[in-house]
Every structure is written in C-alpha cells, then in structure tokens.
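Chain letters run A, B, ... following the sequence lines, proteins first and then strands; every chain starts at 1.
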Amino acid sequence: MRDPYLILGVPDDASDEAIHAAYLAAIKACPPDRDPRRFDAVRQAYVSLRTQRDRLAWELFDTSPPQPQDVLDRAAPAVEPGRPSLAQFHALLRGDAG
Amino acid sequence: MTTRRATKKPRQSSKPAAATPAHSPEQAQAALAAGRFREAIEHFKALSRTGPPALWQEGLGLAYRGRALELEAKGMSKEALTIWDNRQQACPGLVPDPRHLALLLRHGRVAPALAAYRHLVNTGDAAPLTEARARFAASFLIDDLPAGFSEDPVFADDPLIRDTPTARAALAAYCAGGDEEVGRQLKAIPFRSPYRDLATLLKALIGLRDDPVASGKLVERVPADSPFAPLAKAIRLGLQPDEDLTKALGEVGEPVRDFVMTLRGWPDRRRQLWRELHRLGDNPNSSQWIALLRRYRGLLGASWLRHQVRALAAADFPRPLPAPLLAELTPFDRTLGAALIGEKTTPPRAFFGFWKDVMAAIVPPGSKPAPGSEDALRLALIQRRLGENPNLLKSTIRSWVEGELATSLELDPDYLPGHLLLIGHYRRHGRLREARPMLERLLQRWPEDAEILNEALDLALAGNAFKKAAGLAKRILDRDPINRRAKQSLFQAHLAHARKQIAKSRFDLARKELEQADGWAEGAASQARVELLRGIIAWLHGKHDKEAMSQACAALGGGITGRLALALEAERLRFSPQILLKETGLLPLPTPDREDLLAYCRALRNLVEEADFKPKLIWQPFHAPVHKAAKLDLDAADFETVCETLRQIGLAELRLEYANAALRRWPAKPLFVVHKFEARAALGKPGMDTWTQMRHLEDALVQARAEGDQRTAHRIEELLGLSGAWDPGEDFEDEEDFYDEGDDDDLPAELANMDPAVFINLLRNLMGPEFKKLEKALGGKDVLGGLRELIDAGDLPDLPPDLIKFLRQPSNPPKPQAGPQIKPQPKPRREPAPRRARQPLADPDDETPSGQLDLF
C-alpha cells in the first residue's frame, strides 16, 4: 500500500477537514468511471486517514514496504509541468527515441 | 556439466544451398510471404537474370523493402540505406520508397533524395508522395531546409516547402510558452499539410494541463507509422498516472525519458532519484533500500524514514537489520517493530507481551491517559487489535484480552465499534449477562444505530429470545428493507423457534414457525434446512419421507456434508443422530470424495465457532467414512485442512491417522510431524521418550526454519518444551554479521547433526522437480555428491544460501551414523544469550505478561 498522505497530497499533521477536502478534490479529479484504479487508491488512502483514530492506526500498524513512487514524491516532488526545449524535440524526432 | 558454448549450433545461412535446383517464382514468393527476405532476394535476383521484369521486379522490390525495414527496426539505418540503394539499382522501374527518401536525407545525401522526390512529384503518384512529404517534414522541422529543395522552382508551391517555416515557428512558439502564437501558426497549416500530425500533437501539448483527456484523444489520432509517432509516444507516456509513468520510464530511451520528465515537471533531484531507484530493479532487497533511504534521509524526514525501516524489518524477519540502521530507530520504534513481527511469528502469549511493551512505552504503567487523548486512542487501538486476533481469543490468555478490551472502552468511550467488539465477544462465548447491560447502555446512547440493532438481534438469538429477535429484525428492516443480515437473522430466529416448539412437541406451532422461516429463506440451502425440520416432524409422526430427506441433504452438500446437517438438527433436538439417519434411510454413510471431505471439514469448522456446539456428540456415525477417506488422493493442503479441522474438534485418533497418511507421502514434512506428535500427545502417548523420535521433531524444526515456516517452528518448539529458548536473531550482532554469511553457523551446525535421510528429504522438498531430475540423472547414487559438484561448478540450485554454503564445505553433507543412537535425554542445545532470552509467560492468574525479546 502506498503512503496515504502522499496519495491525498496532505501534510503529516493535516486535520480531518483538510483530509476530507483533499479527498473530495482528488476524487473529483479521478472519478471512478474515468480512472477506477486511481479512484480506489484515493478512496483507500482516505479510509486510512479519515479520523484521528485511523491516522494513529496507520502510524502504529502499517507495515507496507517502501514504494518507489512514495520515495520519489516524498524526497523530490514534481513541480509545475514544463515545456520541452527545441533540442529535446529534435532528439526525439531524429529517430533515436528508444 | 554441459556449457552453453558447447551446445551452441553453428549459425545457419539463409542463403539457398549451392545444390538448390533452379529458382522458381513459387519459391521466391513463398520466401517473401514467410518473411525470409534475404532468401527471397536471392531467388528474385536469380529470376531477374533469365526472366522478364514482370516476373521478378515487384517481388524483388518488396523483398528489399522488407529487409530494409527489418534492419531499420534494429537501429541499423546505414545498412538499411544500402539495401534501399540496392533496391533502387536493381529495380529502376519501381517508384522510390518514401522511407528510402527519409533515410537518404537523414544521412545527408540530399542530391539523390531530391532526385527521388522530384521523380515522385513528376509521376504524380499521390500515396507515396504524401508519405514522402510527411517523412521529409519531420526532417525539415529539425534541420535546415536543404539548398536543393528551397531553391528548386519546381517545388515553389510544394506544401512541404510552403508549410515548413510555419511549422517551425509554431514549434518554437510552443517551446517559448507562447500558446497564442502557436494557435495563430497552426491555423496557417492546412489540413492536408505534411505537418498535420505535428499540428495535432502541438494542440495536445497545449491542452495537456487543463484537459488531459482531450489531449489523449488528440494523440490517438496520430497513426503509429507517422514520422511524428515518436513525439506521440512520448506525449502518451507523459499522460500516464504517476506510478505507471515511473515504471514505464525505464523502458524507453533517454530522449523520450528526458522529454517526458520535462513535460511532467521533474526537477533534477527527482530525475537523479528515479535513476537510483531504477538501478535497484523491481525487487530490491532491504539493504539496497536502506542504503538509498539513508542517502535521502534529509529529504524523506526522520519520522517517515523510521516508519519505512520498521516495515523493512518486518518484511525481512528473521534476518535482523544491520546495526547502523538500528540506530535510525528510537527505542519505541524497536518495541513497536518487535510487536509487529512477533504478531506474525510468535505464539499468542509472546506477542501479547510485545504489545504490552508497546503500551508501556506509550504510557508508563500506573499512569492513565485522559480518555480520548492521543495516547489513550493509541492504547485503545492496540487493545482492540489484540481483541480482534482470533488466536489470542482462543488461547489461554483470553481473560487478559477481555480485560484489555474493557479498558479500551474507558480510554476511547466514543468509539462504537470498540463496544460492539467486546459485546460480540461475550455473545460468542455465551456470556450474555455481561453483554446485555452493555448493549442496553449503547441503545440508550444511540437508539437508531443499525449496527447496535443488529448486535441486539444477534444477542436475542443467542439467548433464545426468538420473539424479541423477530421484533428487532422487523425494526431493522423497517429502516433498511434490504438488510440481508437482518433477513438471515430473522430466518434463523424462526428456525430456532421451530426447533424449540418441536422439542416441546408443539408441532402445529413449529409448522407455523417453519412457514415464517420459509418466507425469509434465501437460496436452496436455506430452503433445504426448513425441509429437514419438516421431515423430522413427519418422522416424529411415523411418516418416513426418505425421498424428501434425501433431497434436502443433497441440497445441503450431499455426501457426508449433507448428512452432517441432518445429524446436527437431530442433536439440537436431543434426538440420536444415528437413529434419525438410519430411519430416514441415510445410513450407511458413503465414503466421501475429496470435495465432500473438504466441504464437511468446512462445515465442522463453522460449527466450532458456535459456543454451545459439542461436535463429539454427533461424531459417531461419521467416524468410519472419514477414517476411510484418509486413503484418498489428497494434496498436502487438503491434508493440512483435515488435520487442522480434526485438531479443532479434538479428534486426536483420526488426526494421527491423517498425519501419518500425509507423512507417508511427504516424509518429515514439518507441519505433519507437528500434527502427528500433537495428536499422540493428546492421546496420552507423546512418543518423545526415545532419542530417535526426539530427533524426528528436531529435524522437523530445522526444516521448518529453513523453509521460513515460523509458525510451525514455534509449534515444534512448544512440543519440544523449548518455547522461548530460541532466539532467531542471536547470530547477528551488527551489520557485518548481517552481510557476512560466514558468521552464521547456527543452521549448518544443526544440519550437520541431521539424519542423512531427513536431510535428503529436506532438499527434495525444497528443490522439487529439480532434485528428482538430479536423482534420475545420477541413477539414485550419491545425490548429495552430485549436488555438491553442481554447486562447485557454479550451477547453484534454488536453495537457501545457508544450505548452499553448508553443502560447499567438504565435510558436509552429513554422513550416516553407525547404528541407532538411543539416548535418554535430548541432545544438548546451545543456550540462548541471556540478554535475549524470553522468560516464559506466567500463568494467566498470576500477572500480566511482558515481552522483553529484542527481535532486532
């Protein structure tokens, strides 16, 4: 299981309200008919963090091994989407795209 | 050993042999159709020397094309260009291929490309010309327009020449962030332009952030063979969800990866970290993980890192964590980690103690946190976790767990499921007097709560208050008409009430109850249960409807499973199951097949959960068929199921029989050794009075540990009276020990003392078919010697490292010992280190246990 805080994009000390708001925003962005897998992940993350009891339970009992995506998102989160340069377009179209 | 080099066959040429008879058009076409392009080229070339062009030219062109595309797909563009050139030379009558033109340009041969393009323009063949323009478009977008093209008046109105500046301007505007300018330039590119795919993809890129779905649809419009397909592929990748993207980036080349990472806003640090993660592969081991996590400790945060380290410790157990990593953990983390590991690997008493240690670390013993405070919630969570563990609730320390559950209600009084957990526990154990006042209090506080009403219904049923139960079920169904649980409970209530009336010989009332039950019955099995009771009423009136009873039993599983249902009804009504089965024509019982036996075990296990059920009372008629079924062709999991069921019911004699039957097929398999000895102990003949039998258990212990079956290992330890004396982590003092296999001599030492036959059996179980092959190859002689030769040759079998290391030593594997060794006492075992020794838990009545084992 992935880190629910990272899935919902909330800090470790987020309140019930902040978590609920993040959950609503996340499921709006990935409704179940469009992205069921992501929806399930968001839903599961919300269930893990919904109340203070849930958060304490996750903190105490979770033994999921580290996930590469969590490490990436935690240590070096992505920033605003960027635009590739002309050189990057050229490299792509030269045929050495791999 | 055979080597790959020795077995490699010489490469076979696809050229036709010299002795091949004259080349026929059929041969050539067959080779072409089969994709053997080199062979097809040879055939068509031979035909070209004697036949007219109509016979070979088109085929030869296709064969050359196929071969060129093959080489291009392998990245051999230079070689592919040579093949295209050969094609043009050998088949001058053919129209130049657009891919040939694109390769010519790519390799800087502008003049022949220009000539070929002019040829296409002059012939006016639309399809190849359109494709050539598209392929040129991708080249012209990157490099300057070749002089020959831009200056030739023939191409003045060519869409390729006309649209190239616009496409370049649009691309440059996109890269500079000028979306409006991109829009203006794209409007100037007509639909039939060779830059059409580029225009589509630029639109997709602009909309990527606001409407990724629409962008995805635009990308799908670009065909797979478009010269702009690499760009489409990269954008498609950029649209993937994070986790899919992280994985997929490892499967593409650097230009695509670089492009997509930019598109997704990956800073340099993220790119670097991705590369490090990618290098770890799909299944990094703990030490690899740890090294990476420590490098990024500052960014990951100390608390998060500790959480991950705990998880790794749990996943890696029984291998302890390296000492430097232990430094990452606080004493609380270690205690918590030990509890989480202990929960999966130690007997109930031990892990109860571990969790008590965690609770003491949260709040020192003697002090009490304020109800509802964070610490109180933590304690209550742990207490409920203990209360939800079925192994604990079945153990001798059940009363401790009940005490913890009761305390959790004081610490976290607002958590309804906590209350219901304890009430449900009391109900299942027939302690209704304790459950009722608790439930009444809950109903006063939450009178409309469906969960409480459901529990009240179950409690009423458990107390045989059927009228009250029916009333509660109707109350629930008024609020929730599709509540299946309430319907089932209502069905059970009417059924139970009918039994009560039958027992009192009030048959009319019983029939009415059965009619009511019929109305709530869902499915054939429920209907059949009603029919069984109707059949019993008829039987009590002297009417033996054997056919109806037989049908009801068939609907309830048939075989002995269906008959068990009838026997149960008899037992509940205090009739003799034997007589009822006999008089309804259902005796003698059939010998069950595999499915029937397993269904029967399932049914029995469900019954064990019922507080007042005494399976031994109805056991008699079933003894013989279950006894015969031990000869069935069952697999190991089946035997395990049956043995475990018989253990739960307490039928030691049959359990011993099944354990012996399993051991005949899988000699020395630890789990069945456990069942055998436990059953013998239950029968009052433990059988550990001789050294040989003791060794049997000890060998099983070693094997269970080697297979990583900790639970069985603990059960064997208990049988050996060694519970708590074994410390799985005692050999690893620090990181050096963790990595240096040479220091781990515990398992090999035990292997050295193992009976050779048992040792071979251990290998047989671990290696499976590989071992059988080896045995066959060696004709059954010195299999261990053969295995060691394999290991020495570097061909490592799929065995634990400890075993391989053990087999590498010249003095191993164990040699047969001279004569039986009868010793009055078990062999001495190494004493555990005092600081790690776990004290056996005291009797439940004495004091609450406390775990001190440092599992790291």
Side-chain angles (χ1 to χ4, degrees), chain A residues 1-3 5-7 9 11-13 29-31 33-39 41-42 51-98, chain B residues 77 106 138 141-142 171-172 174-175 177 205 208-209 213 227-228 230-231 233-234 241-243 246 252-259 262-267 269-270 272-274 277 289 292-293 296 299-301 303-304 307-308 310-312 314-315 336 340 374 377-378 381-382 385 412 415:
Chain A
M1 185 192 167
R2 280 201 55 201
D3 184 334
Y5 289 96
L6 290 169
I7 289 181
D12 295 350
D13 57 354
C30 59
D33 54 335
R34 192 192 295 172
D35 190 349
R37 204 161 49 118
R38 170 85 185 148
F39 177 83
V42 168
T51 65
Q52 190 189 13
R53 275 186 206 89
D54 298 324
R55 296 193 286 281
L56 289 172
W58 186 80
E59 178 198 300
L60 279 172
F61 306 136
D62 173 65
T63 52
S64 315
Q67 301 291 316
Q69 192 63 45
D70 287 344
V71 177
L72 268 179
D73 290 348
R74 189 102 195 172
V79 293
E80 288 292 295
R83 297 202 173 203
S85 65
L86 270 176
Q88 286 173 311
F89 272 97
H90 289 182
L92 202 60
L93 291 172
R94 267 184 217 287
D96 45 358
Chain B
S77 65
R106 191 165 152 195
L141 192 68
I142 303 166
L171 182 60
Y174 168 77
C175 294
L205 282 167
L208 206 57
R209 192 170 167 183
V213 177
F228 293 99
L231 179 56
K233 179 183 169 187
D242 280 345
E243 282 163 81
T246 302
V252 295
E254 188 56 36
V256 177
R257 190 153 54 227
D258 187 38
F259 186 94
T262 303
L263 210 55
R264 293 289 286 260
W266 284 34
R269 183 185 285 153
R270 190 174 171 92
Q272 171 60 26
L273 178 53
W274 178 86
L277 285 164
W289 260 123
L292 185 137
L293 293 176
Y296 286 88
L299 296 167
L300 293 169
S303 158
W304 197 81
H307 190 108
Q308 303 303 318
R310 276 203 316 259
L312 283 170
L336 178 56
L340 290 166
E374 202 163 281
L377 295 185
R378 280 198 183 95
L381 278 165
I382 293 172
R385 187 175 178 90
D412 189 6
Y415 188 61

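A donor atom on one side chain and an acceptor atom on the other are not found under 3.5 Å apart for B:W304 and A:D70.
The OG atom of A:S64 lies 8.5 Å from the CD atom of B:Q308; values are rounded to the nearest 0.5 Å. Atom-to-atom distance recorded for B:H307:NE2 and A:T63:OG1 is 8.0 Å, nearest 0.5 angstrom. The distance from the CD atom of A:Q88 to the CZ atom of B:R257 is 13.0 Å, given to the nearest 0.5 Å.
Top candidate by heavy-atom pairs under 4.5 Å with chain A, chosen from B:D242, B:L292, B:L377, is B:D242. Counting heavy-atom pairs closer than 4.5 Å to chain B, the top-ranked of the candidates A:D62, A:L72, A:L86 is A:L72. Between chain B and the options A:R83, A:R34, A:Q52, heavy-atom pairs under 4.5 Å are most frequent for A:R83. Options B:I142, B:L299, B:T246 differ in how many heavy-atom pairs under 4.5 Å they form with chain A, and the most are formed by B:I142. In terms of heavy-atom pairs under 4.5 angstrom with chain A, the leader among B:L293, B:L312, B:L171, B:L141 is B:L171.
Interface residue B:L381: backbone and side-chain heavy atoms are both found under 4.5 Å from chain A. Contacts between A:R38 and chain B at a heavy-atom distance below 4.5 Å are absent for every atom of the residue. Contact of B:I382 with chain A is made through backbone and side chain together, with heavy-atom distances under 4.5 Å. Using a 4.5 Å cut-off between heavy atoms, B:L208 makes no contact with chain A at all. Both the backbone and the side chain of A:F61 come within contact range of chain B, each with at least one heavy atom under 4.5 Å from a heavy atom of that chain. Contact of A:Q69 with chain B is made through the side chain alone, with heavy-atom distances under 4.5 Å. Both the backbone and the side chain of B:L263 come within contact range of chain A, with heavy atoms under 4.5 Å apart. Looking at A:P66, the atoms closer than 4.5 Å to chain B (heavy atoms on both sides) sit in the backbone and in the side chain alike. Interface residue B:W289: only side-chain heavy atoms are found under 4.5 Å from chain A.
For the residue pair A:L92 and B:A234, the shortest heavy atom distance occurs at CD2-CB, 3.8 Å. Taking both residues in full, the closest heavy atoms of A:L60 and B:L340 are given as O-CD1, 3.7 Å, listed atom of the first, atom of the second, then distance. The two residues B:P267 and A:A78 have their closest heavy-atom pair at CD-CA, 4.1 Å. When all heavy atoms of A:V71 and B:L273 are compared, the closest pair comes out as O-CD2, 3.7 Å.
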Please lay out, stage by stage, how A:F89 and B:Y174 fare under the test side-chain contact (heavy atoms from CB on, under 4.5 Å).
-> CA-CA 11 Å; A:F89 272 97; B:Y174 168 77; 3.8 Å; yes
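Remark: B:R378 pairs with A:E59, B:E374, B:D375 by the side-chain hydrogen bond (donor to acceptor under 3.5 Å, both in side chains) rule, at least two apart or across chains.
We find that A:R2 and B:E243 are joined by a salt bridge, their nearest charged nitrogen and carboxylate oxygen being less than 4.0 Å apart.
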